[in-house]
Amino acid sequence: MPTPIKMPQLGETIAEGTIGRWLKQVGEIVAFDEPLVEIITDKVNAEVPSPVAGVVSAILVKEGETVEVGAEIAIIDETDGDKQATEVRPAKEQAEPATPVAQMAPVSPLVKRLAREHNVDPAQVIGTGAGGRVTKEDLLAYVEHRKGQASIQPASTASAGQVVEMPISPVHRAMAERMAISASTIPHAWLLMEVDASNLTRWRAERLAAFQREHGFELTYLPFVAKAVVEALGEHPIANSRWASEKILQSRSVNLSIAVATDKGLLVPVVHSADGLSVEGLALAIRSVVQKARAGVLKLEDTQGGTFTLNNTGALGSIASQPIINYPQAAILNMEAIVKRAVVVEGDAIAIRPMMNLCLSFDHRVMDGQQAAGFLRAVKEKIESWGPGSPIN
């Protein structure tokens, strides 16, 4: 019996999704709850399981295409899986020719289009997909390799003023659309405050070796700042809110979104109930979601429900920046690099101190300057007051 598979709604505010990659091809058997397709939205890159068992009889939406929630994307024939296994699999085994991998594997429409755009013969590309299929990543990697070879040729062979078109991945497109919505609908305002990180650096140094021995990874500054943020949000809950037309929705718990740069683009997984975690607990939870994001294995629940975003731009060497709010949240905080510099201290003396800037963007519909400054000052004061001897667990 043919069963249409529809684009699922992967979140309350998500209206469309992009087909990132089909994990099953036409003619292949799929079991109930077996991963069928990778779908990309502005919030998540998720593998969606098949709601039925059978054989994929049609793929209606190509890789890279975006359709609305509820649109039919494939058809599965709910036939006897055991019968199909005996009829289909032996035939595939007998039909394997001794030809190059890229030639015997099917090439998706997206890969064909990219191949035409970049003047690439797919048969020359080594496929890493299922059954040796040439994936989009394989083809783009080949194109980049070819560009690298061309760049080492004599300058006389290069064409001056040539423009190179860079294909946009679904993740990149989703991020761009999300940022455009935020920038165009939220009236952004921002504040910057300096933080004396002297106590923070000593506190981290005191705990560094023991934490490394116990957990096997380095204790960074991020969980310390995260702890200050979640405590300050408890004292200033207006920053843990979002605008909803005629009302403001204030969250009772802090679900901390963490901005993560990955090879596929910017992802923002969520540490749920972060206000119930210690510095050590935050370090473990943040590492977990960051690793999932970079490995491309985030689940839907790992990206939903964020109420406030923390971004460690300091890890990139930045000392001051204005972040774009993670829509529909009301605020986002950038923690910048800790830099030693000369500052004026008590008694008008000059001292060398490790200083860090905190940059807060906020929705001016939700908060005014006084409220935003009160929250940011609370974060600053907590970071400056904690120090050696303070617990992390």
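Since the model is a prediction, treat every value here as computed from it, not as a measurement. For the numbers below, each heavy atom of this structure counts, side chains included, while hydrogens, waters and symmetry mates do not.
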Donor-acceptor pair between Ser321 and Asn334 side chains, under 3.5 angstrom: yes
Quick one: which residue pairs count as a salt bridge (charged side-chain N to carboxylate O under 4.0 Å, His left out) with a foot in residues 219-235, not counting sequence neighbours? Lys227-Glu231, Glu231-Lys382, Glu235-Lys382
Heavy-atom count check: over 12 atoms from other residues, nucleotides or ligands less than 6.0 Å from Asn393 CG? yes
No-hydrogen, no-angle side-chain donor-acceptor test under 3.5 Å, Ser318 and Glu336: yes
With the 4.5 Å side-chain cut-off for hydrophobic clustering, are Leu191 and Ile186 part of the same group? no
Would you list the pairs meeting salt bridge (charged side-chain N to carboxylate O under 4.0 Å, His left out) in which at least one residue belongs to residues 281-297, sequence neighbours left out? Lys292-Asp302
Indicate if Val260 and Tyr221 have the same hydrophobic cluster label, given that clusters are the connected sets of ILVMFWY residues with side-chain heavy-atom separations under 4.5 angstrom. yes
Pair Ser57-Asp77, side-chain donor/acceptor within less than 3.5 Å: no
Determine, stepwise, if the pair Leu256 / His272 fulfils side chain to side chain contact (heavy atoms under 4.5 Å, CB included). CA-CA 6 Å; Leu256 190 63; His272 293 90; over 6 Å; no
To which residues is Ile352 joined in a hydrophobic cluster, defined by side-chain heavy-atom contacts under 4.5 Å among Ile, Leu, Val, Met, Phe, Trp and Tyr, whether direct or through other members? none
Would you check if Val271 and Val289 make a side-chain contact, meaning some heavy-atom pair closer than 4.5 Å? yes
Distance-only donor-acceptor check, side chains Glu34 and Ser50, under 3.5 Å: no
If we count only N and O atoms by modelled type, under 3.5 Å, do the side chains of Thr307 and Gln329 hold a donor and an acceptor together? no
CG on Leu219 to CD on Glu280, rounded to 0.5 Å: 9.0 Å
Going by chain and number, the hydrophobic cluster around Ile319 (ILVMFWY, side chain to side chain under 4.5 Å) further includes Val339
Residues in ring pair (Phe, Tyr, Trp, His ring centres under 6.0 Å) with Phe32, at least two apart? none
Donor-acceptor side-chain pairing of Ser198 and Asp196 below 3.5 angstrom: yes
Measuring from atom CD1 of Ile59 to atom CD of Glu28, what distance do you get when rounded to the nearest 0.5 angstrom? 8.5 Å
Distance (rounded to the nearest 0.5 Å) between Leu233 CG and Phe308 CZ: 5.5 Å
Heavy-atom donor-acceptor pair, Ser182 side chain to Arg178 backbone, under 3.5 Å: no
Would you please name every residue forming a ring pair (Phe, Tyr, Trp, His ring centres under 6.0 Å) with His215, sequence neighbours left out? Phe211
Judged by atom type as modelled, is there a donor-acceptor pair below 3.5 Å linking the side chain of Trp386 to the main-chain atoms of Pro391? no
Among residues two or more places apart or on two chains, list those pairs meeting salt bridge (charged side-chain N to carboxylate O under 4.0 Å, His left out) that have a residue in residues 200-213. Arg204-Glu218
When rounded to the nearest 0.5 angstrom, what is the spacing between CG in Leu358 and NZ in Lys380? 8.0 Å
State plainly whether one hydrophobic cluster holds both Ile325 and Met335, where clusters connect Ile, Leu, Val, Met, Phe, Trp and Tyr through side-chain heavy atoms under 4.5 angstrom apart. no
Would you call Val55 and Val30 a side-chain contact if the rule is heavy atoms closer than 4.5 Å? no
Value rounded to 0.5 Å, distance of CG in Leu360 from CZ in Arg377: 12.0 Å
Please identify each residue that fulfils ring pair (Phe, Tyr, Trp, His ring centres under 6.0 Å) with His118, with sequence neighbours left out. none
So, Asn255 side chain and Ser273 main chain: donor-acceptor pair closer than 3.5 Å or not? yes
Taking the ring of Trp190 and the ring of Phe362, is the distance between their centroids below 6.0 Å? no
Partners of Asp33 by side-chain hydrogen bond (donor to acceptor under 3.5 Å, both in side chains), sequence neighbours excluded? none
Students should find that the hydrophobic cluster of Val345, defined by side-chain heavy atoms under 4.5 Å apart, otherwise consists of Val343, Met355
Quick one: which residue pairs count as a salt bridge (charged side-chain N to carboxylate O under 4.0 Å, His left out) with a foot in residues 359-368, not counting sequence neighbours? Asp363-Arg365
Are more than 12 heavy atoms from other residues, nucleotides or ligands located less than 6.0 Å from atom CD of Glu68? no
Which hydrophobic side chains are connected to Val164, either touching it within the sub-4.5 Å cutoff or through other members that do? Met166
